[in-house]
Amino acid sequence: MPAITIIGAQWGDEGKGKATDLLGEHVDYVVKFNGGNNAGHTVVIRQEDGTSEKYALHLLPSGILTAGVTPVIGNGVVVDLAVLFEELTGLEARGVDISKLKLSASAHVIADYNRQLDKVTERFLGSRKIGTTGRGIGPTYADKVNRIGIRVQDLFDESILRGKVEGALELKNQLLSKVYNRRGFTVDAVVEDLLSYADRIAPMVCDTGLLLNQALDRGETVLLEGGQATLLDVDHGTYPFVTSSNATSGGACTGSGIPPTRIDRVVAIVKAYTTRVGEGPFPTELFDASGDYLRDNGHEFGTTTGRPRRCGWYDAVIARYAARVNGVTDFVLTKLDVLDGLEEIPVCVAYDVDGVRHDEMPVNQSDFHHAKPIFEMLPGWKEDISGARSFADLPANAQAYVKYVEEISGAPMSVIGVGPARDETVIINSLT
Ligand code: GDP
Ligand code: IMO
Ligand code: MG
């Protein structure tokens, strides 16, 4: 199984980190292909003595936690170099081998002015804000598309770097001072900051596209790990309430240099309910005690910003959309255990938009904003399912829930998560 892509099916935080970690033992390379430190992946690893080690990763691919795996930051990622070294130092102090990390020479770096611009733009937008993570992601991708970005390779030639920073600041400083009433940045300070990382990143930097294609030629296995998720994708998500990269499976190719013809499997991670952080439409969102139940039971607070996540029921319209847009071959249904103890579980099967039934995502974003969920009610279960290790171990109603959502979501539920730890998993079809 040479190349596998893992992506999120909903609005992020589906448990991609755990799924990547689960597959880690079977792969040679794990590649982050989009986003940056806006992502937050919590991975829980149970030790031999029964205690658990918890890791929170942002910029680094979750595969870095598996010994033997080569972690790769692909060309599609935007890199905050201060965060990179903060994370690496933290992991090293906990005994994780970080020596194999590779960084694409073509990845873009997040400069100070873009972090600042992300924050002031949001403040300026007021009620029209996106609710970004404030990490400079949007402005850095905007610079990339605008062809005024700074790439990792620019850090190895001071005169090229200086020229590019000068060009960018000519525009940015005008924007900061004249529109946002903020102090601008000096070219010297930005160049000095970026250059301070050059020697440290030099041993990691390479043509990661070449590296990965050669690994595939040798029959090695590559896992492409998406940040964010389908509905946060800049093309296929709930625009403008999205991130600024392609978080869908197409982004795995452009963000890594691995062509679509070499990808064998597309695994979408989908929560047994739905969550969202930040602004934007969310048809099954709950504003009552059920929402609090999911938030409390599922510990739905952001790994990156600590914000409470908005919670709602499973939305099969979204799952079908994700299956189609990404070409999903397998779903991993996570956090089924969070539904333990509910009397009845609503599942959204379609939307009602002004009296018209929609089985697919409405073509017009405004319709999606006021789509009302049409629910099918399924019976819940009272048992604690965290000890289940096979499908047969699940109570009959939990089995029926999985079968029902599988039927209406467009791809098989191959793996089920029944707890945060790696072993709290039910494997129905092996992913490797
Ligand atoms: P990611 O951004 O997609 O990697 O997801 P996050 O790590 O931000 O959020 C998922 C959270 O759910 C993490 O705290 C995980 O430890 C936890 N988690 C993952 N799978 C399961 C599961 O099956 N059950 C439970 N209870 N927690 C899970
Ligand atoms: P993982 O990888 C959930 C959301 C932000 C905001 C929007 C744009 O952990 O699933 P940005 O800073 O990217 O410009 O913010 O996208 N967002 C996420 N929500 N999980 C994430 O990552 C997210 N990354 C960005 O909350 O609404
Ligand atoms: Mg997350």
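Count residues from 1 along the sequence. Just so you know, these numbers use all the heavy atoms, side chains as well, and skip hydrogens, waters and symmetry mates. Read the numbers this way: they start at 1 and go in the same order the structure lists the ligands and their atoms.
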**Prompt:** For ligand 2, is there an N or O atom under 3.5 Å from any N or O atom of G40?
**Reply:** yes
**Message:** Tell me whether the rings of Y314 and Y401 are parallel (<30°), tilted (30 to 60°) or perpendicular (>60°).
**Reply:** perpendicular
**Fill in**
Note: R276, heavy atoms under 4.0 Å from ligand 2, region reported as neither
**Item:** Stepwise salt bridge (charged side-chain N to carboxylate O under 4.0 Å, His left out) check, E279 with K129
**Value:** CA-CA 7 Å; E279 307 301 315; K129 71 176 194 286; 3.7 Å; yes
**Item:** Atoms named by residue and atom, protein N, O or S, within reach of the Mg ion (ligand 3) (under 2.8 Å)
**Value:** D13 OD1, G40 O
**Message:** Regarding ligand 1, does L336 bring an N or O atom to under 3.5 Å of one of the ligand's N or O atoms?
**Reply:** no
**Request:** Of the side chain and backbone of T303, name the one, both, or neither that has a heavy atom under 4.0 Å from an atom of ligand 1.
**Result:** side chain
**Request:** With heavy atoms under 4.0 Å as the rule, classify the contact between R309 and ligand 1 as side chain, backbone, both or neither.
**Result:** side chain
**Asked** Based purely on interatomic distance, does T334 place a nitrogen or oxygen under 3.5 Å from a nitrogen or oxygen of ligand 1?
**Response** no
**Prompt:** Among the heavy atoms of G8, does any lie under 4.0 Å from an atom of ligand 1?
**Reply:** no
**Prompt:** Is there at least one pair of N or O atoms, one from D13 and one from ligand 2, spaced under 3.5 Å apart?
**Reply:** yes
**Message:** Within the 3.5 Å criterion, strictly below it, is a donor on T243 or N38 matched to an acceptor on the partner's side chain?
**Reply:** yes
**Request:** Mind checking the CG-CE spacing from L101 to M204? Nearest 0.5 Å is all I need.
**Result:** 5.5 Å
**Request:** May I ask you to check whether E424 has an N/O atom sitting below 3.5 Å from an N/O atom of ligand 1?
**Result:** no
**Prompt:** Can you check whether R307 has an N/O within less than 3.5 Å of an N/O in ligand 2?
**Reply:** yes
**Request:** Among all protein heavy atoms, pick the one closest to atom 10 (C) of ligand 1 and tell me residue, atom and distance.
**Result:** D13 O, 3.6 Å
**Request:** Answer whether the closest heavy-atom distance between the side chains of R135 and T305 falls below 4.5 Å.
**Result:** yes
**Request:** Could you say whether the N/O atoms of S244 and ligand 2 ever approach to under 3.5 Å?
**Result:** no
**Prompt:** Given side chains that start at C-beta, do those of V30 and P71 come closer than 4.5 Å, heavy atoms only?
**Reply:** no
**Request:** Could you walk me through whether R46 and E53 pass the salt bridge (charged side-chain N to carboxylate O under 4.0 Å, His left out) test, one step at a time?
**Result:** CA-CA 6 Å; R46 230 182 323 232; E53 280 278 322; over 6 Å; no
**Request:** Assess the side chains of D233 and T248: does a donor N or O sit below 3.5 Å from an acceptor N or O?
**Result:** yes
**Message:** Taking 4.0 angstrom as the limit and counting only heavy atoms of K16, give me the atoms of ligand 2 inside it, by number and element.
**Reply:** 1 (P), 2 (O), 10 (O)
**Prompt:** Does ligand 2 have any atom that is closer than 4.0 Å to a heavy atom of Q228?
**Reply:** yes
**Prompt:** Do any N/O atoms on V338 end up under 3.5 angstrom from N/O atoms on ligand 1?
**Reply:** no
**Prompt:** Taking only heavy atoms of G227, which atoms of ligand 2 are found under 4.0 Å from at least one of them?
**Reply:** 2 (O)
**Geometric N/O contact G17 with ligand 1, under 3.5 angstrom** = yes
**Fill in**
The atoms of ligand 2 lying under 4.0 Å from a heavy atom of A39, numbered in the order shown, are 1 (P), 2 (O), 9 (O), 22 (O)
**Asked** Where on K16 is there a heavy atom closer than 4.0 Å to ligand 1, on the side chain, on the backbone, on both, or on neither?
**Response** both
**Complete:** Filtering D118, N38, T140, L232 for the heavy atom nearest atom 18 (C) of ligand 2 leaves L232
**Request:** Would you mind telling me if ligand 1 is within reach of the side chain of V43, the backbone, both or neither, using heavy atoms under 4.0 Å?
**Result:** neither
**Request:** Tell me which protein heavy atom sits closest to atom 26 (N) of ligand 1, plus the residue, atom name and distance to 0.1 Å.
**Result:** D337 OD2, 2.7 Å
**Complete:** among protein heavy atoms, the one nearest atom 19 (C) of ligand 1 is K18 CD, 4.0 Å
**Request:** Decide salt bridge (charged side-chain N to carboxylate O under 4.0 Å, His left out) for D118 and R115; before the verdict, give the C-alpha distance in whole Å, the side-chain angles of both, and the deciding distance to 0.1 Å.
**Result:** CA-CA 5 Å; D118 191 359; R115 248 186 321 267; over 6 Å; no
**Request:** Identify which of V277, T238, V242 has a heavy atom lying nearest to atom 8 (C) of ligand 2.
**Result:** V242
**Message:** At under 4.0 Å between heavy atoms, is it the side chain or the backbone of T42 that contacts ligand 1, or both, or neither?
**Reply:** both
**Message:** Out of all atoms in ligand 2, which are within 4.0 Å of some heavy atom of G12? Include the element for each.
**Reply:** 10 (O), 20 (N)
**Complete:** Any heavy atom of W11 under 4.0 Å from ligand 2? The part involved is backbone
**Message:** Just so I know, are the side chains of V79 and I201 near enough to count as touching, which here means a heavy-atom distance under 4.5 Å?
**Reply:** no
**Request:** Could you check if a side-chain atom of V426 sits within less than 4.5 angstrom of a side-chain atom of L336, using non-hydrogen atoms only?
**Result:** no
**Prompt:** Against heavy atoms of G131, which atoms of ligand 2 measure under 4.0 Å?
**Reply:** 5 (C), 6 (C), 26 (O), 27 (O)
**Request:** Kindly confirm or rule out an N or O of E14 lying under 3.5 angstrom from an N or O of ligand 2.
**Result:** no
**Message:** Against ligand 1, does G40 come closer than 4.0 Å with any heavy atom?
**Reply:** yes
**Message:** Using heavy-atom distances only, which candidate in T132, V78, T42, I130 approaches atom 15 (O) of ligand 2 most closely?
**Reply:** T132
**Message:** Geometry only, no angles: is E279 polar-contacting ligand 2 at N/O separations under 3.5 Å?
**Reply:** no
**N/O separation below 3.5 Å, G417 to ligand 1** = yes
**Message:** For the residue pair K119 and Y180, would you count it as a cation-pi contact if the rule is NZ or CZ under 6.0 angstrom from the ring centre and within 45 degrees of the ring axis?
**Reply:** no
**Prompt:** Just by modelled atom types, is the V266 backbone N or O under 3.5 Å from a matching donor or acceptor in the T329 side chain?
**Reply:** yes
**Request:** Name the option, out of H41, Q10, K335, that contains the heavy atom nearest to atom 4 (O) of ligand 1.
**Result:** H41
**Asked** Does atom CD of E343 have more than 12 heavy-atom neighbours, drawn from other residues, nucleotides or ligands, at distances under 6.0 Å?
**Response** no
